[in-house]
Student: 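There's a structure below that I have some questions on.
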Number of protein chains: 2
Amino acid sequence: MTVTIKDVAEKAGVSTKTVSRVMNGEAHVRPELRDTVMRVVEELGYRPNAFARSLSSARSYLLGMFLDDPAWSGYAAGMQRGALIRSRQRHYHLVVEPVDSRIEGWEIDLMHGIASLRLDGAILTPPLCRMVSLLERLEAIKLPYVRISPGEDEGRSGVVDIDEEGAAFAMTDYLLQLGHRDIGFIEGIPSHAATPKRRAGFLSAMHRAGLPVDAANIVPGDFTFRAGIEGGEALLGRSKRPTAIFASNDDMALGVSAAAAKLGISVPGDVSIAGFDDGPTARVAWPPITTIRQPVGDMAAAAVDILIDPAYREAPADRRFHQQLPYELIVRGSTAPPAS
Amino acid sequence: MTVTIKDVAEKAGVSTKTVSRVMNGEAHVRPELRDTVMRVVEELGYRPNAFARSLSSARSYLLGMFLDDPAWSGYAAGMQRGALIRSRQRHYHLVVEPVDSRIEGWEIDLMHGIASLRLDGAILTPPLCRMVSLLERLEAIKLPYVRISPGEDEGRSGVVDIDEEGAAFAMTDYLLQLGHRDIGFIEGIPSHAATPKRRAGFLSAMHRAGLPVDAANIVPGDFTFRAGIEGGEALLGRSKRPTAIFASNDDMALGVSAAAAKLGISVPGDVSIAGFDDGPTARVAWPPITTIRQPVGDMAAAAVDILIDPAYREAPADRRFHQQLPYELIVRGSTAPPAS
DNA sequence: GTGAAAGCGCTAACAG
DNA sequence: CTGTTAGCGCTTTCAC
């Protein structure tokens, strides 16, 4: 049989409540007693039963991460990894809930799943973090949540993001510094808040440089490699093609790179290519992709910290629960000055 | 307040035990009563509290997946995704436990983490599935586990894998069919069981074709892109270079591809490149990588099914709990007949 | 087929 | 500072 709190209490000659206090690091226990208890805990190899604990207290020590990413991209994987690791450090467990919002009834499914688990909080990743009906449901059951890069309605909950627009501006500016004037841009999927922001950053850098942006230089995309190929072919197939292409994420940048290879256009000799995210794929390309590093792991970890903070339930709108993490411009081999 | 079993029992005019029986799909309930109860459950939106249930019964409806993958490759992500989705279908939850076996004391940490959760079972992925001391610990606490591709000691538990050797043989054979005779091979990380098996498959295909394998044609690797670059440079930098290179996974194949690009060697014109796994990176390369599709998602799902099977606890060595899933040779653009 | 009573292992609330 | 008393919400006996 497994060791229970009673066994420990008995052997240590104290009440179960005292053991409980020690295990939870509460104050008001004499240091000597605490040591005695800890020793017995070690001896017996006692581990509190998480279910019993959750049943009698309000907390479950369980956090949820809701993910709607059919492609299961490096972005989602990195988020998960970051949240997982931090959760463990803080003695919480993470329950990842994959969601497919294309399927009718997904919200109800999701709510059912979490209703029985009594999560202490949830992390909402894009694009779920923008689905108001989901937010309302969570609020209705008073489940605290933190959104990652929602891009709007930021007072509604804790938020972790980066300065998407600033980052896109910085990348565009970098390309301009290299001497590029005719720059193509491939957009992300419209459901993500990052999409308009990255475009805005691109446009504002172009405008600030006094450069016109030909409408044909902005093509739609959806963050997939395939979209990058198609966008790349569209941009590079024109008679007067851009000397640089900024794709809204790395997978699309790789697609552009593939399109260039197909067309016999060299990178970065004939065309420079930039991505966004610095996901796992950006590094396994040749040439490696110049990109914006988005600290997805740290972002997820920050979300965990916010959720665990006891003060968060009281004041979810507090400024300190809105964290913007730094991005970084990573210059690799896919960008160079334009051919003269 | 949330709805409890009592509320349902009261409103339906039955005992809590009857509600419990209905919720658990037990026999011995009159159909009409069952319907009444179900209706009330719907009306009230009742969801059983997983903690209360786990506390009083033996089951937790929680499965663990232990992952030791510092690189957090597509392989691990795919496994996770497959297990996650199947777990939800079966009304279980999956608790992913990332592990870093390079850190002293990881086993104890892991055991602590799971002790409090009373998992119903665990999925062990490579290379954890080969760590005997871990297996012993799990057996000591009677936690059923299923191993993914352990490569040895297969009677010890349920196992899900593919025919690694056969797959490597098939790939090599395909390259031979194309006309290649001088084929380089890059090995995986030694801690994975797949590593010697893939090499064995390669060697046996070469031997069967009556071809000698120069020792210099087999270079070490560790499944990373970097190792692929290094291995590729080693193989392609030689005066008499191989006309094809078979890397033990996709990331390394991409590394070879990058090395070839650096050296000005065209793919597949001058050298053919093949990978293994068909992970997310294989498709975002140019040219796309010819590879072996390993159904990682299905493998993880199969592991979930085995763990949930009530018969598994009794007879973990039963043949039906050893499943070998089919692999598939995926021909893409990175392979072609050798230049004449 | 159905129900009553007794916990599962822990913590909250209150005493002392 | 420490202990006692009640449950948390469910399932398990074991009656009926």
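Because the structure is predicted, anything quoted here is derived from the model rather than measured. A, B, ... follow the sequence lines: proteins, then strands. Residue 1 opens every chain.
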Student: What residues, two or more places apart in sequence or in another chain, satisfy side-chain hydrogen bond (donor to acceptor under 3.5 Å, both in side chains) together with B/Tyr145?
Tutor: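 Applying side-chain hydrogen bond (donor to acceptor under 3.5 Å, both in side chains) to B/Tyr145 gives B/Glu139.
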
Student: Listed in order of residue number, which residues of residues 6-26 of chain A have a non-hydrogen atom at under 4.0 Å from DNA chain D?
Tutor: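 The answer is A/Val14, A/Ser15, A/Lys17, A/Thr18, A/Arg21.
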
Student: Rounding to a whole Å, what distance do you find between B/Asn49:CG and D/dG7:C1'?
Tutor: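 In whole Å, D/dG7 C1' lies 14 Å from B/Asn49 CG.
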
Student: I need the CZ-P distance between A/Arg118 and D/dG9, as an integer number of Å.
Tutor: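 Going from CZ in A/Arg118 over to P in D/dG9 covers 8 Å.
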
Student: The side chain of B/Ser56 lies closest to which of these nucleotides: C/dG9, D/dT11, C/dT2?
Tutor: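 For B/Ser56, the side-chain atoms sit closest to D/dT11.
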
Student: What is the separation between atom NE2 on A/His28 and atom C1' on D/dG3, rounded to the nearest whole Å?
Tutor: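 The distance from NE2 of A/His28 to C1' of D/dG3 comes to 15 Å, rounded to the nearest Å.
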
Student: Within the 3.5 Å criterion, strictly below it, is a donor on B/Arg147 or B/Ser157 matched to an acceptor on the partner's side chain?
Tutor: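 On atom types as modelled, these side chains qualify, holding a pair under 3.5 Å.
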
Student: Taking all non-hydrogen atoms of both residues into account, name the closest pair between B/Asp68 and B/Asp100 and its distance.
Tutor: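 Nearest heavy atoms, B/Asp68 then B/Asp100: OD1-CA, 3.9 Å.
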
Student: Closest approach to the side chain of B/Ala52, judged atom by atom: which nucleotide of C/dC10, D/dG9, D/dT11 is it?
Tutor: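 Within the option list, the nearest is D/dG9.
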
Student: Whole Å only: how far is the CZ atom of B/Phe51 from the P atom of C/dT11?
Tutor: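 To the nearest whole Å, that distance equals 13 Å.
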
Student: In whole angstroms, how far is the P atom of D/dC8 from the OH atom of A/Tyr61?
Tutor: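 Interatomic distance, OH of A/Tyr61 to P of D/dC8: 20 Å.
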
Student: Describe, in one word, how the ring planes of A/Phe51 and B/Phe51 are oriented to each other, choosing from parallel (under 30°), tilted (30 to 60°) and perpendicular (over 60°).
Tutor: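 Ring orientation of A/Phe51 relative to B/Phe51: tilted.
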
Student: Rounded off to whole Å, could you give me the CG-to-P distance for the A/Leu55 and C/dG9 pair?
Tutor: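 After rounding, the gap between these two atoms is 12 Å.
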
Student: Honestly, is A/Arg53 close enough over A/Tyr61, meaning NZ or CZ under 6.0 Å from the six-membered ring centre and within 45° of the axis?
Tutor: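 Judged by the rule, A/Arg53 and A/Tyr61 form a cation-pi pair.
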
Student: What is the distance from CD1 of A/Ile5 to P of C/dC8, rounded to the nearest Å?
Tutor: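 It works out to 14 Å between those atoms.
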
Student: Write down the distance between CZ (A/Arg30) and C1' (D/dG3), rounded to a whole number of angstrom.
Tutor: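 The answer, rounded to whole Å, is 13 Å.
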
Student: Side chains of residues 104-113 of chain A: which donor-acceptor partners sit under 3.5 Å, not counting sequence neighbours?
Tutor:
{"from": "A/Glu107", "atom 1": "OE1", "to": "A/Ser133", "atom 2": "OG", "distance (Å)": "3.3"}
{"from": "A/Glu107", "atom 1": "OE1", "to": "A/Arg137", "atom 2": "NE", "distance (Å)": "2.7"}
{"from": "A/Glu107", "atom 1": "OE2", "to": "A/Ser133", "atom 2": "OG", "distance (Å)": "2.7"}

